[in-house]
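Heads up, the thing below is written out as structure tokens.
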Amino acid sequence: MLPVEIAPQVNWVGTLDPQIRVFDVIMAAPRGTTYNSYLIQGEEKTVLVELVKPAFAQDLIHNVSRIVDPADLDYIILNHTEPDHSGCLNGFLEEATGARVVCAKNAKRFVEALLNRDISPMLIEGNEEIDLGGRKLRFISAPFLHWPDTMFTYLEPDGILFPCDFLGAHYCDDRLFNDLVADYSREFAYYFDVIMRPFKSYALQALDKIAGLDIKMICPSHGPILRRDLASYIQRYRDWASLPEQGADKHLIVFYASSYGNTARMAESIALGAQETGMKVSLLDLSAVDPGQAIDQIEAADALAVGSLTINGDAVKPVWDLLSSLATLNLRGKVGAAFGSFAWSGEAPKFIAQRMTDLKMKVVGEPLRANLTPTGDDLAACRDLGRHIAEAVGQNTK
Ligand code: FEO
């Protein structure tokens with residue numbers, strides 16, 4: 001696709017990737033994506049904000065060349081260094097021989113690792129500016145959105161914000177602008193859920209930083225450019241990044257997978273023990289519940305207990321699906337417990353507890369196991385575990 005002038009002397013020079021269906025191995029991209037790159041011409045300096053995925057490097061060079069000779073570029077701004085934006089840097093620098101790379105100070109090691117050489121980039125530490133002649137770039141540190149090196153770039157006086165992946169989406173449409181493309185709310189929300197959700201506190205900090213800016217257009221690195229209803233997009237991010245209100249009572253979610261009802265009985269006893277303290281408890285059968293639907297509940301909960309039968313020396317797939325989905329949440333300090341019935345080996349509870357520890361959860365007690373049908377003692381131990389979970393989260397016992 002050819003360049004598109006999105007504001008005077010500001011051109012989109014990126015590429016479309018309508019065929020991609022899985023992004024970065026982990027993300028579905030049913031509507032493709034775009035790699036947005038922006039060429040800004042001041043009276044004295046010319047700047048490229050973001051590059052593109054290596055496979056599309058020639059398209060980028062082509063697009064830039066239609067407007068300026070790449071050798072005349074003064075700066076290349078890397079708002080962060082993930083290779084879908086910076087992977088073609090090495091080859092691009094062979095064309096942009098006069099350009100200096102600009103990145104956050106803590107991006108330097110990533111740039112060096114990417115290129116296996118030191119290119120002495122201009123390092124942004126605070127709120128530095130670059131005067132382009134008649135307009136200027138300001139840089140806004142926005143770490144962990146979603147890499148530690150992320151920063152935003154703001155063009156004055158145009159009021160155009162380039163926020164890297166923030167406020168982006170995997171959505172491909174050559175009409176480019178949010179007021180021209182179809183409704184892509186689902187892709188916008190999904191992008192937040194997978195990419196930004198683990199960094200909610202950083203998202204709120206960044207939103208506070210840009211709150212005072214006069215923003216007329218938002219140019220993310222993927223998906224549509226926002227020029228209509230900007231406030232509603234920003235508000236959605238603020239709503240999603242804000243933690244849900246905590247109720248007076250603590251909340252435990254007990255997830256379980258059970259073939260013959262034995263692990264289910266253990267789950268019920270754990271739930272009972274916690275409920276007896278006054279704790280709120282949700283009991284969820286993983287054969288009937290999609291953990292993705294419960295993600296907000298999980299995030300707001302004070303404790304998780306996860307139980308699995310053991311098959312072939314391991315926890316079963318629905319349990320691993322749950323545990324892997326927890327990677328997008330910040331569970332540090334939440335209370336966890338593991339349990340499960342088994343026939344002849346019984347490794348599942350141990351693996352669940354280890355995964356919880358890896359997620360920085362506070363695991364209470366030893367993983368509880370019952371051999372086939374739980375005995376009265378087994379169920380009493382489960383009930384005790386429920387009480388211990390309540391104590392660990394500081395539930396006021398009745
Ligand atoms: Fe689109 Fe984090 O790179």
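Atoms within each ligand, like the ligands themselves, are counted from 1 in listed order.
- Glu82 contributes OE1 as its N, O or S atom closest to atom 2 (Fe) of ligand 1.
- Atom 1 (Fe) of ligand 1 forms the vertex of an angle spanning NE2 of His85 and OD2 of Asp84; to the nearest 10 degrees it equals 90°.
- Sorted by first then second residue, the ring pair (Phe, Tyr, Trp, His ring centres under 6.0 Å) pairs that include residues 155-181, not counting sequence neighbours, are Phe23-His170, Tyr38-Phe162, Phe152-Phe166, Phe166-Tyr237, His170-Tyr191, His170-His222, Tyr171-Tyr184.
- A distance of 9.0 Å separates CG in Leu60 from CG in Leu39, rounded to the nearest 0.5 Å.
- Among the atoms of His80, an N, O or S atom falls under 2.8 Å of atom 2 (Fe) of ligand 1.
- Counting just the N/O/S atoms of Asp165, the one with the shortest distance to atom 1 (Fe) of ligand 1 is named OD1.
- In this model, a donor atom of one side chain and an acceptor atom of the other lie less than 3.5 Å apart for Asn79 and Thr153.
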| said: Before you tell me yes or no, could you show the steps for Asp302 and Val335 under side-chain contact (heavy atoms from CB on, under 4.5 Å), namely the whole-Å CA-CA distance, both residues' side-chain angles and the distance that decides it to 0.1 Å? | reply: CA-CA 6 Å; Asp302 302 282; Val335 168; over 6 Å; no
